[in-house]
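Only one structure is covered here, and it is reproduced in the block below.
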2 protein chains.
Amino acid sequence: MVSHDLLDRIRHRLDELNRSERKVADVILADPGTATSMSIASLAHAASVSEPTVNRFCRSFDAKGYPDFKIKLAQSLAGGTPYVSQAVEPGDAAGDYTSKIFGATIAALDLARREVDSARVERVVDYLTQAKQLHFFGLGASGAVAQDAQHKFFRFNIPVSAYVDVLMQRMVAASCHTGDVVVILSYTGRTRELVDIAQVARENGAVVLGITAPDSPLADECTETLAVTAPEDTDHYMPMTSRMIQLALIDVLATGVTLRRGEDFLPHLKKIKDSLKPTRFPAGSGE
Amino acid sequence: MVSHDLLDRIRHRLDELNRSERKVADVILADPGTATSMSIASLAHAASVSEPTVNRFCRSFDAKGYPDFKIKLAQSLAGGTPYVSQAVEPGDAAGDYTSKIFGATIAALDLARREVDSARVERVVDYLTQAKQLHFFGLGASGAVAQDAQHKFFRFNIPVSAYVDVLMQRMVAASCHTGDVVVILSYTGRTRELVDIAQVARENGAVVLGITAPDSPLADECTETLAVTAPEDTDHYMPMTSRMIQLALIDVLATGVTLRRGEDFLPHLKKIKDSLKPTRFPAGSGE
DNA sequence: GGCATTTAGTAGTAATTTTACAAAATATTT
DNA sequence: AAATATTTTGTAAAATTACTACTAAATGCC
């Protein structure tokens with residue numbers, strides 16, 4: 001993932017820099033956090049170069065000047081560690097890969113957030129709100145997401161189910177009626193069975209919503225689709241970011257439905273939450 | 001959620017501020033991105049206050065001065081949009097709550113990343129690598145995470161199962177042997193049944209790993225615990241961020257195990273991936 | 001209504017950054 | 001290899017920016 005992140009750009013251009021600029025880069029990369037709180041004078045001193053050299057260095061990275069550069073640097077640091085998708089490498093210590101995986105996950109969610117089409121969210125929420133019955137279908141990792149969705153939507157007083165195997169899914173699809181809504185979760189959108197099932201469900205009058213790759217065979221069969229675009233495969237060690245995006249979208253949809261139902265529905269949610277209390281040791285809530 | 005994020009802190013303290021400081025806050029909150037590139041003079045002008053007022057405002061938020069404040073502001077912005085936990089409000093449009101939910105999720109993951117104890121990750125990975133048999137237990141939303149974990153660890157050639165109901169969990173715990181590893185997922189760590197089950201599993205010689213709240217009854221029963229600290233409850237509309245953190249941790253652990261097993265294990269992972277191809281339309285991979 | 005306290009502004013000072021220019025250093029040409 | 005052109009780096013002064021000390025206004029309290 002080629003990011004537009006400043007720290008990344010500095011790293012990439014290390015070779016192209018001349019001697020003095022290189023010294024500046026080294027000091028910054030050695031401790032970017034500290035660099036953000038240094039004056040141009042102290043940074044110049046630390047790198048054993050003159051102040052204008054530092055200034056020129058900053059300008060060469062599209063900053064208006066030193067203060068602007070520091071702002072950009074701070075942004076690419078956000079919270080101390082960069083939000084970029086770095087590959088996990090053999091030899092990484094626990095701290096390294098932990099940070100990388102969280103970073104990659106965050107980066108993926110950030111990307112997804114920017115790409116969500118809110119008009120579509122609106123329409124999908126419309127369908128969900130009007131559903132007489134709700135079915136979530138997913139296979140493999142997406143199956144777990146389907147079950148998560150079931151838990152979330154269970155709270156809305158409408159019959160909701162999750163199916164994680166194709167046989168059940170096909171049977172349910174075949175027995176759908178008008179008013180039923182089927183939500184199909186699939187990262188690739190290319191699983192033959194699911195495409196078939198979507199078609200069957202639609203033929204029986206169900207609204208079929210896809211949380212899947214745009215322009216995929218599955219997306220074509222759906223009444224409406226929310227796009228999940230995540231870079232996967234690139235790397236064997238990488239986390240399944242698509243799953244996280246699907247989950248976040250489920251959260252978004254559940255929230256949309258809650259909002260659509262209005263304030264008067266909130267007490268009902270509280271009642272469900274409270275019903276779990278007796279199973280707990282004191283001082284807990286949620287699961 | 002009381003975050004240490006600057007933007008959040010400004011929002012929280014809005015009421016406590018006096019008239020001029022409030023004006024400054026309003027200008028900054030209206031467009032934090034632009035604020036980072038303003039001089040103290042232009043910001044003062046935009047807020048119709050004097051420069052020292054702006055300076056005092058900055059100091060009141062633990063900044064050394066205006067430039068330092070801008071750096072902190074920039075950090076809490078990262079990537080142009082603030083990664084902060086904003087509450088969803090009735091009347092929010094689809095774009096609003098979508099952005100807020102993704103933002104809250106990202107903020108939670110970021111917080112979690114900083115709080116993960118990598119020494120513990122290391123130890124948990126040790127246990128997982130040596131497991132003869134692996135069981136993931138979870139209830140409710142954590143049940144879906146348990147199943148997700150099953151999918152991830154299935155690839156490692158060790159018998160792995162996921163149980164989402166207490167009866168099966170109890171039975172499995174009762175029939176554990178030395179060498180078995182049980183991973184219990186619970187946000188609160190206060191579900192009585194799970195605490196019992198952890199105890200039973202341990203009595204039978206199993207290593208019990210908790211992905212749960214630190215210092216909870218469940219954590220006390222575990223051989224080793226990874227902390228999941230997420231603010232929940234505060235708000236009815238908020239996403240279940242704990243779930244996301246649990247999933248990210250599962251990813252981290254799976255990665256840790258993969259790394260521990262070394263390069264020679266990678267072909268095996270590829271074989272599993274390839275085995276799914278025949279079920280697909282051309283040009284897909286992963287799920 | 002007058003005194004105390006908080007709040008905000010003015011103007012000057014100090015710090016920091018930037019510009020313009022000059023000197024090295026490096027590369028290029030003859 | 002010397003001379004010239006070009007790039008790189010530094011110096012010092014100028015300009016911008018931020019801060020301090022002090023004063024004035026506003027608010028709260030007796």
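Below, read A as the first sequence line, B as the second, and so on, with proteins coming before strands; counting in each chain starts at 1. Keep in mind that this is a model prediction, so the values were computed, not measured. Excluded from the calculations below are hydrogen atoms, water molecules and symmetry mates; all remaining heavy atoms, backbone and side chain alike, are included.
Within a heavy-atom distance below 4.0 Å of DNA chain D, the residues of residues 38-50 of chain A found are A:V49, A:S50. Using a 4.0 Å cut-off on heavy atoms, the residues of residues 14-32 of chain A that approach DNA chain C are A:R19, listed by number. Contacts between residues 52-61 of chain B and DNA chain D, defined by a heavy-atom separation below 4.0 Å, involve B:P52, B:N55, B:R59, listed by number.
Sorted pairs that involve residues 35-51 of chain A and meet salt bridge (Lys or Arg N to Asp or Glu O under 4.0 Å), not counting sequence neighbours, are lacking altogether.
Judged by distance alone, the side chain of A:R13 and the main-chain N or O of A:F61 form no donor-acceptor pair under 3.5 Å. Under a 3.5 Å cut-off, the side chain of B:R59 and the backbone N or O of B:K64 do form a donor-acceptor pair. Judged purely by atom type and a 3.5 angstrom limit, B:S216 has no side-chain atom pairing as donor or acceptor with the backbone of B:R190. Put simply, the side chain of A:S99 never gets that close to the backbone of A:G95: no donor and acceptor are under 3.5 Å apart.
Here the P atom of nucleotide C:dA15 and the CD atom of B:E51 are 18 Å apart, to the nearest Å. We find that CG of A:D68 is positioned 14 Å from C1' of C:dT18, with the value rounded to whole Å.
Scored by the side-chain contact (heavy atoms from CB on, under 4.5 Å) test, A:S42 finds A:M38, A:S39 as partners (sequence neighbours excluded). Residues passing the salt bridge (Lys or Arg N to Asp or Glu O under 4.0 Å) test with B:K72, sequence neighbours excluded: B:D68. Annotation: side-chain contact (heavy atoms from CB on, under 4.5 Å) contacts of B:D92 (sequence neighbours excluded): A:L259, B:V88, B:E89, B:D96, B:Y97, B:K100. Listed by chain and residue number, B:R120 satisfy the salt bridge (Lys or Arg N to Asp or Glu O under 4.0 Å) test with B:D117 (two or more places apart in sequence, or in another chain). A:D126 is linked by a salt bridge (Lys or Arg N to Asp or Glu O under 4.0 Å) to A:R260, counting only residues two or more places apart in sequence or in another chain. For the side-chain contact (heavy atoms from CB on, under 4.5 Å) test, residues two or more places apart in sequence or in another chain that qualify with B:A227 are B:P214, B:T229. When the side-chain contact (heavy atoms from CB on, under 4.5 Å) test is applied to A:D26, the partners found at least two apart in sequence or on another chain are A:L14, A:R22.
Chain B approaches DNA chain D within less than 4.0 angstrom (heavy atoms of the protein), and the contacting nucleotides run 5' to 3' from D:dA18 to D:dT27.
At a threshold of 4.0 Å, the pair B:K152-B:D148 does not count as salt-bridged, since none of the basic side-chain nitrogens sits closer than that to a carboxylate oxygen.
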